A.B. asks: 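Attaching a single structure in structure tokens format; questions to follow.
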Amino acid sequence: MGHARRPKKVIGMMWYDGWGWGNWFAMALFMVLFWVLVIAGVVVLVRYLTGSRHGHQGGAFSSSGEPGWGNRRAEDLLAERFARGEIEEDEYKRRLALLREHR
């Protein structure tokens, strides 16, 4: 019986199937860019989530843009100092009038 000889197929590895050095370099570059974007995304997400818990402190405007917020905060601090006995009534009234004068 004459079995016809079949030619053997040689299956090359991936880099023998047309992948040159340029393609490998591009793939490595895209992998580095991918991980940079993933890490940057995680950092931005963490900053966004932790930053939302901290309100704006100080300044003359609240987060809603309402003017005078800084004055109210100053008045609250002044009232706390008066309540703790750090300042006398006369000084409290004088400083409160000064704060309200500059609104």
Side-chain angles (χ1 to χ4, degrees):
M1 287 192 164
H3 287 283
R5 247 184 133 136
R6 297 164 112 185
K8 291 183 180 181
K9 280 189 170 180
V10 177
I11 299 175
M13 295 181 141
M14 189 164 72
W15 51 83
Y16 292 123
D17 289 339
W19 283 76
W21 282 104
N23 289 335
W24 278 103
F25 179 74
M27 187 172 66
L29 182 65
F30 283 121
M31 184 60 74
V32 169
L33 288 175
F34 169 77
W35 284 111
V36 165
L37 288 174
V38 167
I39 292 169
V42 169
V43 168
V44 167
L45 181 65
V46 167
R47 283 191 174 187
Y48 173 75
L49 292 177
T50 58
S52 64
R53 293 185 195 146
H54 304 293
H56 294 289
Q57 295 182 1
F61 293 92
S62 69
S63 58
S64 65
E66 180 182 333
W69 179 81
N71 287 339
R72 275 183 274 155
R73 177 73 177 138
E75 289 178 13
D76 291 343
L77 290 173
L78 188 61
E80 288 176 20
R81 289 186 63 197
F82 177 65
R84 285 193 301 255
E86 294 177 10
I87 57 176
E88 299 293 323
E89 184 179 359
D90 292 337
E91 185 177 356
Y92 170 74
K93 288 179 180 180
R94 184 176 50 82
R95 289 184 181 205
L96 185 61
L98 187 64
L99 284 173
R100 289 181 176 170
E101 179 182 310
H102 292 290
R103 273 193 193 177

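Position 1 is the first residue of the sequence, and the numbers go up from there. Everything numeric in this text was worked out from a predicted model, so none of it was measured.
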A.B. asks: First locate atom CZ of Arg94, then atom CD1 of Ile87, and finally report the distance between them rounded to the nearest 0.5 Å.
C.D. replies: 9.0 Å
A.B. asks: Met31, Val38: one ILVMFWY side-chain cluster at the under-4.5 Å cut-off?
C.D. replies: yes
A.B. asks: Hey, what do you get for CD1 (Ile39) to CZ (Phe34), rounding to the nearest 0.5 Å?
C.D. replies: 10.0 Å
A.B. asks: If every non-hydrogen atom of Leu78 is compared with every non-hydrogen atom of Arg95, which pair is closest and at what distance?
C.D. replies: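 Closest approach of Leu78 to Arg95: CD2-CB, 3.6 Å.
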A.B. asks: Roughly how far apart are Leu96 CG and Arg100 CZ, rounded to 0.5 Å?
C.D. replies: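 Reported value, rounded in 0.5 Å steps: 4.0 Å.
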A.B. asks: Using a cut-off of 6.0 Å, state whether more than 12 heavy atoms not belonging to Glu88 lie near its atom CD.
C.D. replies: no
